[in-house]
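For the numbers below, each heavy atom of this structure counts, side chains included, while hydrogens, waters and symmetry mates do not.
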There are 2 protein chains.
Amino acid sequence: MKGRILEVARRIFGQYGFHGTTTRMIAQEVGIDISTLYYHWGEKGDLYEAVVLDIYEDLREQLFEVEKRIHGLPLDKRMEIAVEMMTDYLFERPEISNLTLFRYFAKTRHASPLDFRVPEIMGNIAHSMGLVSDKKQLPPDAKMKMLAVMNAIHNFVSGQNFFLTMLDMDEKEYVKGVKETLKFLIIPAFVHNGATTKRA
Amino acid sequence: MKGRILEVARRIFGQYGFHGTTTRMIAQEVGIDISTLYYHWGEKGDLYEAVVLDIYEDLREQLFEVEKRIHGLPLDKRMEIAVEMMTDYLFERPEISNLTLFRYFAKTRHASPLDFRVPEIMGNIAHSMGLVSDKKQLPPDAKMKMLAVMNAIHNFVSGQNFFLTMLDMDEKEYVKGVKETLKFLIIPAFVHNGATTKRA
DNA sequence: ATAGTTTTCCATCATTTGATGGAAACACCT
DNA sequence: AGGTGTTTCCATCAAATGATGGAAAACTAT
């Protein structure tokens, strides 16, 4: 039951954000009484925190998978596959992207001391892109580049419904277009620019 | 008074989102009674809508300025200046980026039929970047590229506080790093790649 | 079957939130 | 000064929201 609640909470928090989500919405979606929700998860903020940690763990694992897959390939191939894999993965779990973006800038009306192993994820991202050999020592500029890449993916995933109508595309076209656009932007920067400086 | 309320609402909605913002928060920040707020602006949703239209109008005007400034320059210079100008502009008005990103994916618990001249903004963006000569006819792939560029800026602006602590930078360093990162990513793509195909 | 533990629900509470009616205060014009 | 229109506030409401106590139901072990 605890897991079922977490799964539903994940989706709804991902769509509506913290304040837009009511505990009754979650309880109703699961099909339980609201006090059952409180019994299992305590306060709303506790549940939200658990959800955020959950998606971050998912992200971490997926990045590990990406790393395994691209290991040993040429740089441009690595970037291509990384973008493909991350994009596919996140399109199936849009709440990850939504919650990640919410975390960046959406304030809540109460203090929420959420602490993350975000640097760890940054190291994984850079490593899976093959930009650094040491996951543990990331210069700030490398971190920013990784952020820009990851956020570009998150944006297209999160904004799918909005952009679909805006661009007058169907879902297949959109996903295809997203991948092409990301590669268009990312590969030249790292392959023509980054490869010569980062490998020094 | 109406304008003062709009200005404050803009900031608070930008920080807390629609549901995270209460009408009392806005009234208090302005220094008025809550019924004064309702007297001038009606329902909360109406105020939110006005705020969103307001920031979009600001964006449109700034893009017009960018266009005027970069007209006639070489492509790489155009992109560089466009990125600089947009970045500076948005860093002074983070609510624009926040509200834009909220608009992409944050659902609200009630229907909100907001309609925008977003395609018009898209045309301006592409034109200010010098990627198309006709603002009115944008192929979808060009739109997606524009989106990726604009969203990359929005993300760094919106996520400033979050990323500052994450990257252990001060504000000056951060802004400088953002610009460098954006140029690193964007210029190679459009100058080496885009110039030969888009100008055909 | 019984006893003990865990889970679920009903009924409810305190507080918060969006919103309003009517009166007072203010501004403007003659 | 008086009249009219506008703005602001006080007091309040209905509904929504986060949350809970206690009892019933369900589960588990012997």
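Side chain of T36(B) to backbone of I32(B): no donor-acceptor contact under 3.5 angstrom is found. No donor-acceptor distance shorter than 3.5 angstrom exists from the side chain of E7(A) to the backbone of R4(A), with no hydrogens or angles considered. A donor-acceptor pair under 3.5 Å is absent between the side-chain atoms of S158(B) and the main chain of F105(A), judged by distance alone.
An OP1 or OP2 oxygen of dT17(D) is reached within less than 4.0 angstrom by a side-chain nitrogen or oxygen of R109(B).
Between F102(A) and F102(B), the angle of the ring planes lies from 30° to 60°, which puts this pair in the tilted group.
You can see that DNA chain C meets the heavy atoms of chain A within a 4.0 Å-exclusive cut from dT6(C) to dT17(C), reading 5' to 3'.
Within a 6.0 Å sphere centred on CZ of R93(A), other residues, nucleotides and ligands contribute more than 12 heavy atoms. Surrounding CD of E65(B) are more than 12 heavy atoms belonging to other residues, nucleotides or ligands, all under 6.0 Å away.
One atom, NZ of K44(B), and another, P of dA16(D), lie 14 Å apart when rounded to the nearest Å. Distance M1(A) CE to dA25(D) P: 18 Å, rounded to the nearest Å.
Partner of V51(B) under the side-chain contact (heavy atoms from CB on, under 4.5 Å) criterion, out of T21(B), I12(B), L6(B): L6(B) alone.
Listed by residue number, the members of residues 27-39 of chain A with any heavy atom below 4.0 angstrom from DNA chain C are I32(A), D33(A), S35(A), T36(A), Y39(A). Non-hydrogen atoms lying under 4.0 Å from DNA chain D are contributed by nothing in residues 6-25 of chain B.
A salt bridge links E29(A) with R11(A): the closest approach of a Lys/Arg side-chain nitrogen to an acidic carboxylate oxygen falls below 4.0 angstrom.
Counting only N and O atoms by type, the side chains of Y104(B) and N151(B) include a donor and acceptor under 3.5 Å apart.
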Given side chain to side chain contact (heavy atoms under 4.5 Å, CB included), test M150(B) with M146(B) step by step and report yes or no. CA-CA 6 Å; M150(B) 283 307 304; M146(B) 289 301 95; 5.6 Å; no

